[in-house]
Amino acid sequence: EVRRTYSIVSGAGDTDLRIGVRIQPRGGLSHFLAHEVKIGDRIEALSPTGRFLHAPTPTAARSYVAFAAGSGITPVLAIARAVLEHEPRSRFTLVYGNRTTARTMFLEELLALKNRYLGRFALHFVMSREPQDVELFNGRIDAAKVRELAEALRIKRFKEMLRSGSKITDALYETGYGSSSRIYERSNAQLGMTPATYQKGGKGMKIGYTVTKSPLGKVLVGATERGVSAVYLGDAENALVAALREEYPLAEIAPAKAA
């Protein structure tokens with residue numbers, strides 16, 4: 001008898017019960033499940049322990065952030081699906097670490113989920129053995145990387161509030177900046193302009209952009225002479241450029257000149 005613990009990937013309303021199995025070099029059960037089990041075979045299983053789950057609240061309006069690595073994506077994927085399907089006012093951000101794209105479990109399902117819930121599901125891949133164009137998404141998800149990502153998510157939320165019409169001071173304190181000096185010190189590196197200019201749609205700024213290919217799609221990086229102003233990941237270059245123009249409607253935007 002061999003026992004292993006696997007997380008359920010299926011949602012509450014799914015008709016099939018699915019688990020995610022990563023084949024390990026010395027994993028007797030994982031090899032058995034992947035190569036020997038056939039449709040119609042029966043396997044004995046214990047009842048779910050139910051230690052890692054979330055019950056959605058349809059009226060909630062929350063912001064979720066989850067970190068996963070490797071096969072640890074299995075319970076997180078189920079939770080993300082449940083939140084997005086049953087909490088229409090909530091948002092979900094997932095940071096998923098792997099060695100390479102080829103070893104990324106449920107890649108197609110995650111990308112489909114992102115396309116289905118545009119604006120509500122933010123998906124970020126971090127690779128430890130496959131260089132990414134954006135340095136933030138290289139390496140392992142350790143304490144230092146979490147701090148970097150947290151800062152990136154905070155500036156993202158700050159920008160969203162400015163675009164929605166919030167006062168700069170309100171947006172500063174709502175996103176956890178203790179004083180205005182902290183964001184102004186970093187505005188060139190994180191916005192490529194001052195918060196006031198950003199709130200005006202980048203009026204008077206020149207933004208050059210480049211589009212490169214990555215294993216997960218195309219990456220657009222837009223920057224002013226002061227610093228990076230935008231990083232987008234997607235499938236079509238015209239859609240990425242359109243998103244840049246939408247974020248900076250009053251800026252002068254053009255492809256960056258080659259150095």
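Residue pairs that meet the ring pair (Phe, Tyr, Trp, His ring centres under 6.0 Å) test with at least one member in residues 87-109, sequence neighbours left out, are Tyr64-Phe92. Residue pairs meeting the salt bridge (Lys or Arg N to Asp or Glu O under 4.0 Å) criterion with at least one member in residues 54-79, sequence neighbours excluded, are Arg62-Glu87.
Two different hydrophobic clusters hold Met161 and Leu153 under the rule that ILVMFWY side chains link at heavy-atom gaps under 4.5 Å. Note: the hydrophobic cluster containing Met105 does not contain Ile19 (ILVMFWY, side chain heavy atoms under 4.5 Å, direct or indirect links). At a threshold of 4.5 Å between side-chain heavy atoms, the hydrophobic network of Ile, Leu, Val, Met, Phe, Trp and Tyr places Val65 and Val146 in one connected group. Both Val9 and Leu107 are members of a single hydrophobic cluster when ILVMFWY side chains are connected at heavy-atom separations under 4.5 Å. Cluster annotation: Leu250 is not connected to Ile168 through the hydrophobic network of ILVMFWY side chains, with a link wherever side-chain heavy atoms come within less than 4.5 Å.
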Quiz prompt | Steps toward side-chain contact (heavy atoms from CB on, under 4.5 Å) verdict (Arg4, Val2) | solution = CA-CA 7 Å; Arg4 293 291 185 274; Val2 179; 3.7 Å; yes

- Task: Could you give me the CA-CA distance, side-chain angles and deciding distance for Arg116 and Glu85, then say whether side-chain contact (heavy atoms from CB on, under 4.5 Å) is met?
- Result: CA-CA 10 Å; Arg116 182 179 178 185; Glu85 290 175 4; 4.1 Å; yes

- Task: Could you please spell out the steps behind the side-chain contact (heavy atoms from CB on, under 4.5 Å) verdict for Val219 and Val211?
- Result: CA-CA 5 Å; Val219 179; Val211 179; over 6 Å; no

| query | Which is it for Leu29 and Leu33 under the side-chain contact (heavy atoms from CB on, under 4.5 Å) test, yes or no, and what are the steps along the way? | reply | CA-CA 6 Å; Leu29 185 57; Leu33 292 173; 4.1 Å; yes

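Applying the side-chain contact (heavy atoms from CB on, under 4.5 Å) rule to Leu53 yields no partners; only residues at least two apart in sequence or on another chain are considered. Here Arg129 pairs with nothing under the side-chain hydrogen bond (donor to acceptor under 3.5 Å, both in side chains) rule; sequence neighbours left out. For the salt bridge (Lys or Arg N to Asp or Glu O under 4.0 Å) test, residues two or more places apart in sequence or in another chain that qualify with Arg18 are Glu109. Residues satisfying the side-chain hydrogen bond (donor to acceptor under 3.5 Å, both in side chains) criterion with His31, sequence neighbours excluded, are absent altogether. When the side-chain contact (heavy atoms from CB on, under 4.5 Å) test is applied to Ser30, the partners found at least two apart in sequence or on another chain are Tyr6, Val21, Ile23, Gln24. In terms of the side-chain hydrogen bond (donor to acceptor under 3.5 Å, both in side chains) criterion, residue partners of Thr197 (sequence neighbours excluded) are, by chain and number, Thr194. The side-chain contact (heavy atoms from CB on, under 4.5 Å) check on Leu46 picks up Arg3, with sequence neighbours excluded. Lys200 is linked by a salt bridge (Lys or Arg N to Asp or Glu O under 4.0 Å) to nothing, counting only residues two or more places apart in sequence or in another chain. A search for side-chain hydrogen bond (donor to acceptor under 3.5 Å, both in side chains) contacts involving Asp14 returns Arg81, not counting sequence neighbours. Applying the side-chain contact (heavy atoms from CB on, under 4.5 Å) test to Arg245 and every residue at least two apart in sequence or in another chain returns Val241, Ile253.
Val83 approaches Pro56 most closely through the heavy-atom pair N-CG, 4.4 Å. Among all heavy-atom pairs drawn from Gln190 and Ile155, the shortest one is OE1-CD1, 3.7 Å.
Panel note: side chain Gln199, backbone Ser166; a donor-acceptor pair is recorded below 3.5 Å. Judged by distance alone, the side chain of Ser10 and the main-chain N or O of Asp16 form a donor-acceptor pair under 3.5 Å. Without hydrogens or angle criteria, Thr57 side chain to Thr59 main chain gives no donor-acceptor distance under 3.5 Å. Of the possible donor and acceptor atoms, none in the side chain of Asn115 sits under 3.5 Å from a partner among the backbone N and O of Ala112. Ser214 places no side-chain N or O within donor-acceptor distance of the main-chain N or O of Gln132, the cut-off being under 3.5 Å. Checking side-chain atoms of Arg89 against main-chain N and O of Pro58 turns up no donor-acceptor pair under 3.5 Å.
Within 6.0 Å of the CD atom in Glu36, the count of heavy atoms belonging to other residues, nucleotides or ligands exceeds 12. The local environment of NZ in Lys145 is crowded, with over 12 non-hydrogen atoms from other residues, nucleotides or ligands closer than 6.0 Å. Annotation: Glu252, atom CD; neighbour count of heavy atoms from other residues, nucleotides and ligands within 6.0 Å does not exceed 12. Counting heavy atoms of neighbouring residues, nucleotides and ligands inside a 6.0 Å radius, atom CZ of Arg91 does not exceed 12 of them. Around the CZ atom of Arg140, the shell of radius 6.0 Å holds no more than 12 heavy atoms that belong to other residues, nucleotides or ligands.
A distance of 12.0 Å separates CG in Leu149 from NZ in Lys156, rounded to the nearest 0.5 Å. Between Tyr117 atom OH and Leu123 atom CG the span is 14.5 Å, to the nearest 0.5 Å. A distance of 6.0 Å separates CZ of Phe158 from OG1 of Thr175, quoted to the nearest 0.5 Å. With rounding to the nearest 0.5 Å, the separation of CG in Asp41 from CD1 in Ile43 is 7.0 Å. Distance CG/Asp235 to CG/Leu111: 7.5 Å, rounded to 0.5 Å. Atom CD1 in Ile8 sits 13.0 Å away from atom CG in Leu77 (nearest 0.5 Å).
For Arg154 and Tyr177, the positive end sits near the middle of the six-membered ring, less than 6.0 Å away and at most 45° from its axis.
At a threshold of 4.5 Å between non-hydrogen side-chain atoms, the residues Ser128 and Asn98 do not count as touching. Using a 4.5 Å heavy-atom cutoff, the side chains of Val126 and Asn138 are not in contact. For the pair Met127/Thr101, a side-chain contact is recorded, criterion being any heavy-atom separation below 4.5 Å from C-beta on. Taking the side chain as every heavy atom from C-beta outward, Pro195 and Leu162 approach each other to under 4.5 Å. Contact of the Glu247 side chain with the Lys159 side chain is registered, since non-hydrogen atoms from C-beta on lie closer than 4.5 Å. A 4.5 Å side-chain heavy-atom check between Leu94 and Phe67 finds every atom pair outside the cut-off. When side chains are defined from C-beta on, Ser229 does not count as touching Tyr198, because their heavy atoms never get closer than 4.5 Å. At a threshold of 4.5 Å between non-hydrogen side-chain atoms, the residues Val228 and Val221 count as touching.
A salt bridge is defined here as a Lys NZ or Arg NE, NH1 or NH2 lying under 4.0 Å from an Asp or Glu carboxylate O, and Glu130 with Arg99 fails to meet this definition. Note on Arg157 versus Glu174: no salt bridge recorded, every NZ/NE/NH1/NH2 to OD/OE distance being 4.0 Å or above.
Between Phe137 and His124, the two ring planes are parallel [angle under 30°; tilted spans 30° to 60°].
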